[in-house]
Each structure stands twice: as C-alpha cells, then as structure tokens.
Chemist: 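Pasting in a structure now, in structure tokens, and then I'll have a few things to ask.
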Amino acid sequence: MGTIHIRRLRLGAAFVLLTYLILHFSNHALGLVSLDAMENGRRWFLAIWRSPLGTLALYGAIAVHGGLALWLLYQRRTLRMPAWEAMQYALGLVLPALLASHVVGTRIAWWQTGSDDRYARLLLFFWVLAPARGAWQAVALATAWTHACIGVHYWLRFRRWYPRVVGWLFTIALLLPTLALAGFVAGGREVTVLARTPGWTEALMRTTRPPSGAETAALGRIRDSFLDAYLVALGAVLAARGVRTLWQRRRSIRILYPGERVVTVPVGFSVLEASRLAGIPHASVCGGRGRCSTCRVRVVRGLADLPLASEAEQRVLARVGAAPDVRLGCQVRPARDVVVVPLLAPSITEGDAFGSDMRQGREQELAILFADLRGFTRLAEHKLPYDVVFILNRYFEAVGGAIQRAGGIPNQFTGDGVMALFGVETGAELGCRQAVAAAHEIVQGLAVLNRELGEELPVPLQIGIGIHAGPAIVGRMGYGEGVYLTAVGDTVHVASRLEQLTKEYRCVLVVSEQVASRAAIDVSAFPRHELAVRNRGALVAVRVIDDLGRLKRA
C-alpha cells in the first residue's frame with residue numbers, strides 16, 4: 001500500500017474519531033442544562049457507539065489511525081519537522097497514556113463486568129472521590145481536541161473555500177470544548193450536592209454496579225498490558241528507525257544546493273528530508289506529504305538518474321504547470337548525486353501552496369480587461385481630497401467586486417483605471433465569457449453608483465472598457481510585499497489600446513472579435529473596425545459596443 005493510500009485510510013479513520021469527539025463533547029455540554037439531560041443524551045450516544053456497527057467503526061478507527069501513525073513515523077527519514085507537525089505528533093503519541101484509564105474504566109468495565117458507567121457515577125468519582133483524576137480527564141479532553149483541530153486545519157487549508165469559513169470553524173473549535181468542559185463542571189457540581197444527600201451515593205452504587213476490588217485489579221492489569229504493548233510498539237518503531245539508519249549509511253549520496261552547500265544523506269532520503277536534516281530552510285506548507293507544491297525544486301544536474309515521478313506527484317506538478325526539470329522535494333528520493341535549487345522562499349504561505357511557477361512566469365492564453373473612468377481628473381479638481389478618495393474607493397469596490405464575481409482577478413488599480421485577468425485557471429474560452437460578463441456587471445454597478453452619489457457628482461460617472469484575448473506571460477512580479485500576479489505581453493498592450501479607443505468611438509466597450517468568438521456572443525449588429533496597433537504587424541478586428549444590453553449569445 002502506497003503512502004498516499006495509507007494517508008487516505010488514516011484520514012478516513014480520523015473522520016470517525018472526530019465524529020465521536022464531537023458527539024461526546026456535545027453530550028458533556030448538556031451538563032449545562034442538567035445531569036438528567038446528560039444522561040438522556042448519553043442514551044443516544046451509546047445507541048450509536050455501543051452498537052455492533054458503532055463498536056467496529058470506533059475501535060477499528062482507533063487501531064487504523066494509531067497503527068498507521070506508527071507506520072508513518074517509521075517511514076520518516078528524519079524527525080526534524082515543522083513545529084505544528086511536531087506538536088501534532090507529540091499530542092497523538094501521549095493520547096494513549098491519557099485515555100487508557102478512562103477507556104478501561106468505562107467501555108471495558110461495562111463489557112467485562114456489566115458495570116453501568118453513567119455520568120452520575122463517573123462525575124462522583126472525578127469530583128468527589130478522586131478530583132485529581134478529574135483534572136487528568138480535562139487534560140485528556142483538551143489534548144484530543146487540539147490534536148484533531150491541528151489535523152483538520154492542515155488538511156483543509158489548501159481548499160479555496162477554506163479562508164472564507166476558517167473564522168467560523170475556529171469559533172466552533174473554541175466553543176465546543178469550552179461548552180464540554182463547562183458542562184463537565186456543571187454536572188460535577190450537581191453531583192457534589194447530591195452526594196451530600198444521605199443514601200444517594202449508596203443507591204447510585206447499587207444501581208450502577210461498580211467493579212469489585214478483584215474486578216478493579218483485573219481492569220488495572222488490562223490497562224497496564226495495553227500501555228506496555230503501546231510502549232513496546234513505539235520502542236520497536238524507534239529501534240527499527242535506528243537499525244535502518246545504520247544500514248543506509250553504508251550507501252550515501254550527495255545533494256548539492258545553491259551556495260555550494262553539500263548535504264550527504266543515505267540513499268532513500270527525499271530532498272526535503274535532506275534539507276531538514278542539514279538545517280537548510282526549505283518551503284513545505286503541507287509538511288512534506290505531497291499535498292502542495294511549495295517544496296518543488298529545479299534539478300540542475302542528475303535529472304535523468306532520478307526515479308520517475310509517481311502519479312500523485314505528476315498530478316501536483318501538472319496542476320502548477322511545472323517545467324520538465326521541476327520535481328517535488330518531498331517526493332523525489334535520489335539514488336545518485338544530484339544538484340537542486342529550491343524554487344520557493346521558505347516563508348511561503350498556504351495561499352500559494354498550489355500557485356504555479358509564477359516566479360518564472362509562464363505563457364498561456366487568457367483574456368485581459370482594462371477599464372477607466374472618463375473625465376474623472378476634471379471632476380476631482382473641484383473635490384476635496386477625502387471626497388475623491390471616497391468616490392474612488394466606491395468605484396473600485398463596484399468594479400473589483402464585479403470582476404471577482406465573474407471569476408476574474410483584479411490585477412492593477414492605477415489612478416482611476418483597472419486591469420483584470422480572466423482565464424488564468426480556467427482557460428481562455430471561459431475567460432472571455434467571464435470578461436464580457438464582468439463588463440456587463442461593471443456598467444450596471446456604475447449606474448447604481450451614479451444614483452447613490454447623484455448629489456455629489458456634477459455629471460454621472462462614465463466608463464470605457466477594452467477586452468482582448470491571446471497569449472501572455474503570466475507571473476508574480478514585483479519586490480517584497482509588493483509582489484503580485486500580473487501579465488505582460490502584446491495581448492496586454494492591445495487590451496489597453498482598446499480601452500483607450502472607447503474615448504474616440506464614444507462607446508462603453510471595445511472588444512476584439514477574437515474575444516467575441518471565444519465568448520460565443522453575437523456582435524454582428526455592432527460597427528466593425530480593423531486597427532493597426534504599435535509593434536504589431538497584423539490588424540486587429542474589433543467591435544464597438546455602445547449598449548451592452550444588446551449583446552446576445554451567438
């Protein structure tokens with residue numbers, strides 16, 4: 001079974017365990033209502049998790065998730081890792097020790113002795129008889145939840161929709177364990193009061209049948225046996241890692257980095273693992289799991305000697321449009337000496353995890369839109385600076401929002417002009433349709449803005465838009481924090497020229513016939529012109545659109 005399939009299986013098991021935690025914490029939170037509410041919720045909880053199917057799912061997930069975690073720990077070539085990954089590993093490794101007593105004292109005791117582990121008896125134990133164990137239980141609760149939340153965050157952070165919901169998820173992540181602990185405290189206080197009632201504790205013990213002394217000793221042996229087995233398994237993994245390291249040192253390779261830095265590692269190390277071992281900063285947003293592209297390197301020498309990229313690595317490289325000499329540092333494991341150059345800065349963020357090789361730039365077909373306000377400079381001469389800024393921000397809000405909703409990328413806001421890219425991820429055909437749709441919405445948004453600012457404007461705001469499509473070099477350009485995605489080339493110049501022509505033709509939109517054809521719109525009813533553009537031999541056929549409402553699908 002490959003590493004990718006192992007991670008998917010482990011992820012499926014993690015979903016089962018996360019579902020269990022959410023329902024368990026929700027049941028705890030019912031303590032804020034009453035002890036009876038906790039008991040009623042527990043009946044539904046046990047109906048799920050103590051059924052044959054629920055038992056198989058829960059304990060199967062525990063075995064799979066834990067067993068595969070140890071296997072992945074063995075597979076790691078170095079224990080140097082990002083702080084977040086180290087924390088997740090550490091929390092996961094201590095969980096068995098934190099939860100062993102609780103699991104044995106509840107589920108195993110119920111199974112072996114018929115003891116009823118209802119909330120009243122457990123809270124009596126945690127709050128009255130052994131409060132130190134209650135504190136231990138709270139630590140276990142926080143540890144399990146933190147481990148789960150780290151995993152969820154680093155699994156979802158590459159999804160495009162995740163930034164929009166991360167605030168809500170973070171709120172839930174804080175609120176649920178807080179409510180669970182609060183319910184645990186409220187239930188404990190209620191039990192503490194009930195325990196002072198004469199005969200209540202004795203009646204509870206008769207009803208719930210706690211394990212006898214001999215049964216408690218037997219359960220303790222089960223717990224100790226489990227912990228011993230776990231420690232032996234963990235020790236075996238670490239010992240196996242040591243043996244493997246000694247064996248692999250018999251065969252070593254050299255990886256050369258920029259600055260003439262050389263790292264000697266055993267055969268079997270990935271480039272990313274070599275970087276970590278030597279303390280060389282190397283970007284890896286996903287932690288070296290092959291789920292992002294930030295660790296990619298250019299192979300300067302030794303490309304032909306590298307193992308072929310796996311299907312999963314090929315998918316990631318194709319997604320970012322990587323050049324043939326680019327490989328993922330976390331996936332490629334050289335068998336001979338190799339010279340590499342990491343392509344991304346170590347400070348790369350999640351938002352760029354699947355960004356293309358944009359620092360190099362790449363040629364692709366896309367649609368370019370330019371929009372510019374007409375006569376705004378003269379209007380601004382009679383306005384206070386703060387008023388001008390207010391009007392411009394409202395204008396940019398309307399235009400930028402229209403571009404984003406249509407699927408484009410607002411690229412440059414200069415003065416009262418805007419440049420936007422369409423089809424960077426989706427291709428030129430869809431990009432052209434998106435650009436025309438954006439032009440529609442920009443004009444409609446400007447009409448709304450004119451009505452809202454009617455008293456502030458001596459004359460209504462007017463706009464000119466130019467759209468052209470063709471090949472351009474797309475890449476991240478700039479310096480420092482001023483780096484942004486943009487496009488350069490003949491297509492950009494032509495689109496800018498078409499926007500300027502709206503002044504001469506006194507129209508709203510000038511669109512090239514190439515865009516009209518790709519967007520599948522009928523422009524036969526509009527005037528046609530052929531234009532000569534500077535530094536371009538061939539003429540550009542355009543259509544002059546004075547009313548976007550008359551545009552129809554071809």
Side-chain angles (χ1 to χ4, degrees), residues 1-7 71-82 85-86 237-238 240-348 352-357 359-360:
M1 184 183 295
T3 301
I4 297 298
H5 294 93
I6 289 176
R7 294 191 186 279
W71 172 250
L72 292 173
L73 178 62
Y74 166 76
Q75 284 195 317
R76 296 186 70 95
R77 303 292 167 163
T78 174
L79 294 181
R80 291 191 179 186
M81 62 188 81
E85 193 174 4
V237 168
L238 296 177
R241 287 176 51 84
V243 171
R244 183 188 61 197
T245 300
L246 291 175
W247 173 260
Q248 289 178 335
R249 282 179 179 172
R250 302 174 58 186
R251 294 180 58 215
S252 298
I253 60 165
R254 298 192 309 161
I255 301 178
L256 287 75
Y257 292 81
E260 300 184 353
R261 187 160 187 179
V262 180
V263 179
T264 301
V265 294
V267 172
F269 268 57
S270 70
V271 173
L272 177 62
E273 288 167 340
S275 300
R276 288 177 173 175
L277 183 66
I280 297 176
H282 198 143
S284 178
V285 170
C286 75
R289 302 178 182 182
R291 287 163 49 191
C292 75
S293 66
T294 55
C295 68
R296 59 188 183 269
V297 296
R298 171 166 286 109
V299 183
V300 178
R301 189 170 70 242
L303 179 65
D305 296 327
L306 293 178
L308 294 176
S310 66
E311 182 180 349
E313 182 183 358
Q314 290 175 4
R315 283 199 302 269
V316 173
L317 292 173
R319 182 172 175 181
V320 300
D325 59 350
V326 173
R327 296 291 298 272
L328 293 186
C330 68
Q331 299 297 305
V332 61
R333 300 182 182 276
R336 297 183 180 180
D337 292 354
V338 66
V339 180
V340 300
V341 177
L343 293 178
L344 299 183
S347 58
I348 198 76
D352 297 313
F354 278 107
S356 305
D357 275 336
R359 277 293 190 177
Q360 310 167 58

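Sequential numbering from 1 along the given sequence is applied to the chain's residues.
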Chemist: Got Val316 and Arg296 here, is their nearest side-chain heavy-atom distance under 4.5 Å?
Modeler: no
Chemist: Just verifying a value: how many Å separate Asp325 CG and Arg298 CZ, rounded to the nearest 0.5 Å?
Modeler: 4.5 Å
Chemist: According to the salt bridge (charged side-chain N to carboxylate O under 4.0 Å, His left out) rule, which pairs have a member within residues 264-279, sequence neighbours left out?
Modeler: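 Salt bridge (charged side-chain N to carboxylate O under 4.0 Å, His left out) check on residues 264-279 returns Glu273-Arg333.
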Chemist: Working to the nearest 0.5 Å, report the span between CZ of Arg254 and CZ of Arg336.
Modeler: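 Those atoms lie 14.5 Å apart.
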Chemist: Show the nearest heavy-atom pair for residues Ala283 and Thr294, with the distance to one decimal.
Modeler: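 Shortest heavy-atom separation between Ala283 and Thr294 comes out as CB-O, 3.3 Å.
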Chemist: Please report the C-alpha distance between Tyr257 and Val340 in whole Å, then the side-chain angles of each, then the deciding distance to 0.1 Å, and finally whether the side-chain contact (heavy atoms from CB on, under 4.5 Å) criterion is met.
Modeler: CA-CA 6 Å; Tyr257 292 81; Val340 300; 4.1 Å; yes
Chemist: Rounded to the nearest 0.5 Å, how far does SG of Cys295 lie from CG of Leu272?
Modeler: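 The distance works out to 5.5 Å.
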Chemist: With side-chain hydrogen bond (donor to acceptor under 3.5 Å, both in side chains) as the rule and sequence neighbours excluded, what pairs involving residues 299-310 come up?
Modeler: none
Chemist: Looking only at heavy atoms, what is the nearest atom pair of Pro342 and Pro258, with distance?
Modeler: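 Heavy atoms of Pro342 and Pro258 come nearest at CD-CD, 3.9 Å.
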Chemist: Has the side chain of Arg241 got a donor or acceptor atom that lies under 3.5 Å from a matching backbone atom of Leu73?
Modeler: yes
Chemist: Check Val299 against Val338 and note the closest heavy-atom contact, atom names and distance.
Modeler: CG1-CG2, 3.7 Å
Chemist: Nearest 0.5 Å, please: how far is CG in Leu328 from OG in Ser293?
Modeler: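 Rounded to the nearest 0.5 Å, the OG-CG separation comes out at 7.0 Å.
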Chemist: I'd like to check the side chain to side chain contact (heavy atoms under 4.5 Å, CB included) partners of Pro307; sequence neighbours left out, ordered by chain and number.
Modeler: none
Chemist: How close do Pro324 and Leu303 get, counting heavy atoms only, and between which atoms?
Modeler: O-CD2, 4.0 Å
Chemist: Specify the closest pair of heavy atoms between Ala335 and Ile253, including all atoms of both residues, with the distance to one decimal.
Modeler: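 Minimum heavy-atom separation between Ala335 and Ile253: O-CG2, 3.4 Å.
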Chemist: Tell me every residue that passes side chain to side chain contact (heavy atoms under 4.5 Å, CB included) with Leu277, counting only those two or more places apart in sequence or in another chain.
Modeler: Thr78, Val265, Phe269
Chemist: Can you name the side-chain hydrogen bond (donor to acceptor under 3.5 Å, both in side chains) partners of Arg327, sequence neighbours left out?
Modeler: Glu313
Chemist: How about Val271 and Pro334: do any of their side-chain heavy atoms sit closer than 4.5 Å?
Modeler: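 A side-chain contact exists here, since the closest heavy-atom pair is under 4.5 Å.
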Chemist: Sequence neighbours excluded, which residues qualify as salt bridge (charged side-chain N to carboxylate O under 4.0 Å, His left out) partners of Glu260?
Modeler: none
Chemist: Could you tell me which residues satisfy side-chain hydrogen bond (donor to acceptor under 3.5 Å, both in side chains) with Arg76, sequence neighbours excluded, listed by chain and number?
Modeler: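 Arg76 satisfies side-chain hydrogen bond (donor to acceptor under 3.5 Å, both in side chains) with Glu85 once adjacent residues are dropped.
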